[in-house]
2 protein chains.
Amino acid sequence: MKSTIHDVAEKAGVSVATVSRTFSRPDVVSQTTRDKVLQAAKDLDFNISRSAAALKSQQSFRVAMLTSEAHANWFNANISIALNDVLQPAGYDICTYRIANAAERQAFFADLPLRRNVDAVIVNSFSIDGDEISNLKKMNIPVVGINVPSSAGFDATISIDEYESMRLLVRHLHDLGHRDISFVCSNSAQAPLRYSADLRMDAFLRACHDFDDTTPTVIRVPRDKENEDELILSRFLTQSPRPTAICCQSDATAIPLIFKLPRCGVSVPRDVSVLGFDDSTYARQVELTTIHQSPEELGYEAARRTLQLIQGTCPEPRHLTMETYLALRGTTAPPRSSNGQRND
Amino acid sequence: MKSTIHDVAEKAGVSVATVSRTFSRPDVVSQTTRDKVLQAAKDLDFNISRSAAALKSQQSFRVAMLTSEAHANWFNANISIALNDVLQPAGYDICTYRIANAAERQAFFADLPLRRNVDAVIVNSFSIDGDEISNLKKMNIPVVGINVPSSAGFDATISIDEYESMRLLVRHLHDLGHRDISFVCSNSAQAPLRYSADLRMDAFLRACHDFDDTTPTVIRVPRDKENEDELILSRFLTQSPRPTAICCQSDATAIPLIFKLPRCGVSVPRDVSVLGFDDSTYARQVELTTIHQSPEELGYEAARRTLQLIQGTCPEPRHLTMETYLALRGTTAPPRSSNGQRND
DNA sequence: CTGAAAGCGCTTACAG
DNA sequence: CTGAAAGCGCTTACAG
């Protein structure tokens, strides 16, 4: 009922080797033979069995993606789609391993459940450490990183430059005359595996440090709370002196704010400038000034490099930094007293 | 270097059959033997080879998901995560097949590239027709649908009731006193594969039909345009008489509107009520009245049923309708002249 | 509860 | 360009 390579060989009057080659290396079989085989395969509704091909050829045709994010977010959704767009047509499945907490992390890197069962691993925005990378390397397969803390140990990495991005943001605010700037972030203690939250705050503080007349403050709230936006609002409104600009860790934090601030009598950008990070869903429509990045491109580049590494070629360059830019829109403006003086 | 089941058998002093059973059916091997095997496996960094297991056991440990959506959206991202959460721990990979246009659709259902290579197929929000379902069934594997046009031919389906949902929405507006209601949707001619866009409009029109004093109108715009929100705005503002309420096909359409309408001098909900559909990202924060649905639950239920069907048990019930509810929030209010009279 | 053995459906050197 | 043949690493009836 389900036909095998033997059935096709018989029907086409060739050997199974030829049938196999017709699918795996069509260039080495003659046009005439190829046509015969293809016709027979079609008549018999034949597909190559991936499991058999995998077993014999010592490949798994699977690529693992490691991530720590529990919920559906814009960044990961775009990464996944881009990976699938490149890897699927090339014959690879993507298996997503979500590591949600310290126990899972420990278990994963100790057991390495992927050993022998994937052809490459992509580490996505995960705060992986040196020992963990070493463990991964024991599998003797390519290891590719997307937004990882360091490129050390990786066969290829694709990242954005958080520091440069934050510098763009802070310089823009400084140019406008802002001197009191708040950074809003979720408490990283709650999300120890997610890379970039901590980094981004550090980048903000460093960027402010370039200007000795600029006072950065930080508003930290617990992560994944339903009322995150209310907490932030409350903290901001009670700060004294009130900062003239708010840099948010991501658009997802900024968008609720630009909706709610006016309802608290604080006009955006007249009374306070608000900035996001990502240029994600709705950012353009709500005119949010933000840093544009493209997880889709990060994903494409990562997938392409993964494929190259599997085929044994070294991607050029091995470590790529994708450019970001400041999407200048309507939520930033000069502060009310734009003389650069503090009004305290 | 890479150890096989033979190495483990030798080290543990048992047969390969016992090693195999230790992993696939641990209940049938004695505690003592199991411990020996597990220890040997650990010492040798051994994992079962999926390809070999798959080949011999005539399973592929893969589940296909068919979808037509090109871009990352809230619904699909949540579906994917839920499917992965259930299927991955059960040992199944998910391979996502995206069918973007008529040619791909034709090719896919004619060739059935998954034949012999997946254990089940999940059809997600795809406007699949009877012939296509028949084709799928030729593979002799379970076929599960999420939001498909009809449950006919499916081994299991999970859906929401679009009609009932839309009735909730329209009745709420009618109760408030609205009689002129617009439905905003993207042009389905551009997206012939996506199921639910057309259906939702039909549901809206039917729901309005329940009230003979209510006049529905439709604003249709091309899909996936960058300036979709501006087109809608322009159409709405030039309509005469201007509807007192706008029902949007999804939150993604509604959210830009509730941001932009006030900037055109139209206050929400004072001058116009706006409703979404989904209860997706930011809906709560921007106080959008909308229909709540949970793609996560749809995904979990679909995955659970898929697993049951693979194991040969029939899910109960086979066809499940997930409840939705009206999330009553701040973007709906009585129309300005709430006497139910038309002011034309 | 455990073992010996057949075989799942391919790929790939090797030979011609 | 094509074929004969070995074997990838498991699972699973069957026997004990």
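Below, chains carry the letters A, B, ... as their sequence lines are ordered, and counting in each starts from 1. The basis for the numbers below is simple: all heavy atoms, side chains too, and nothing from hydrogens, waters or symmetry mates.
With A:Asn124 contributing its side chain and A:Thr67 its backbone, the two residues share no donor-acceptor pair below 3.5 Å. Between the side chain of A:Gln39 and the main chain of A:Lys36, no donor-acceptor pair closer than 3.5 Å is present. Side-chain atoms of B:Glu132 never come within 3.5 Å of backbone atoms of B:Ile128 as a donor-acceptor pair (strictly under, hydrogens ignored). A donor-acceptor pair is defined here as one N or O able to donate and one able to accept, closer than 3.5 Å; such a pair exists between the side chain of B:Arg62 and the backbone of B:Asn117.
B:Phe23 comes within 4.0 angstrom of no nucleic acid atom, judged by non-hydrogen atoms across all strands. Residue contacts for B:Val14: at a heavy-atom cut-off of 4.0 Å it reaches the sugar-phosphate backbone alone, with no base atom in range.
At whole-Å resolution of the value, CD in A:Gln58 and P in C:dC10 are 17 Å apart. Distance A:Gln31 CD to D:dT2 C1': 16 Å, rounded to the nearest Å. A:Phe61 places its CZ atom 8 Å from the P atom of C:dT11, with the value rounded to the nearest Å. Rounded to whole Å, the distance from CG on A:Asn117 to P on D:dC8 is 17 Å. Whole-Å rounding puts the B:Leu55 CG to C:dT11 P distance at 11 Å. Between B:Ile48 atom CD1 and D:dC8 atom C1' the separation is 14 Å, expressed in whole Å. When rounded to the nearest whole Å, the span between CD of A:Glu10 and P of D:dT2 equals 19 Å. Between B:Lys2 atom NZ and D:dC10 atom P the separation is 12 Å, expressed in whole Å.
The phosphate of C:dT2 has OP1 or OP2 within less than 4.0 Å of a side-chain N or O from B:Ser30. Proximity of A:Ser15 to the phosphate of D:dG3: a side-chain N or O atom is located under 4.0 Å from OP1 or OP2.
Pairs of residues two or more places apart, or lying in two chains, that qualify as salt bridge (charged side-chain N to carboxylate O under 4.0 Å, His left out) and include a residue from residues 107-125 of chain A are A:Arg115-B:Asp45. Counting only residues at least two apart or on different chains, the ring pair (Phe, Tyr, Trp, His ring centres under 6.0 Å) pairs with a member in residues 24-56 of chain B are B:Phe23-B:Phe46.
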Distances for protein N or O near nucleotides 12-16 of chain C N or O, under 3.5 Å:
{"unit_1": "C:dA13", "atom_1": "N6", "unit_2": "A:Arg21", "atom_2": "NH2", "d": "3.0"}

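Under the side-chain hydrogen bond (donor to acceptor under 3.5 Å, both in side chains) criterion, B:Asn47 pairs with no residue at all, not counting sequence neighbours. B:Asn78 is linked by a side-chain hydrogen bond (donor to acceptor under 3.5 Å, both in side chains) to nothing, counting only residues two or more places apart in sequence or in another chain.
The B:Thr4 side chain lies nearest to D:dC10 when the options are C:dC10, D:dC10, C:dG3. Proximity note for A:Thr33 (side chain, C-beta onward) versus D:dG3, D:dC1, D:dG9: the nearest is D:dC1.
Here the separation of D:dG16 from D:dT12, taken at their C1' atoms, is 16 Å to the nearest Å.
Other residues, nucleotides and ligands place no more than 12 heavy atoms under 6.0 Å from the CD atom of B:Glu10.
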* With salt bridge (Lys or Arg N to Asp or Glu O under 4.0 Å) as the test, would you mind laying out the steps for A:Asp155 and A:Lys137 before giving the verdict? => CA-CA 10 Å; A:Asp155 296 301; A:Lys137 303 231 66 168; 3.3 Å; yes
Under the rule of Watson-Crick or G-U wobble with both distances under 3.5 Å, where | means paired to another strand and [ ] a crossing pair, DNA chain D maps to |||.||||||||.|||
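Residues A:His6 and B:Val29 both approach DNA chain C. Their nearest nucleotides, taken by heavy-atom distance, put B:Val29 toward the 5′ side.
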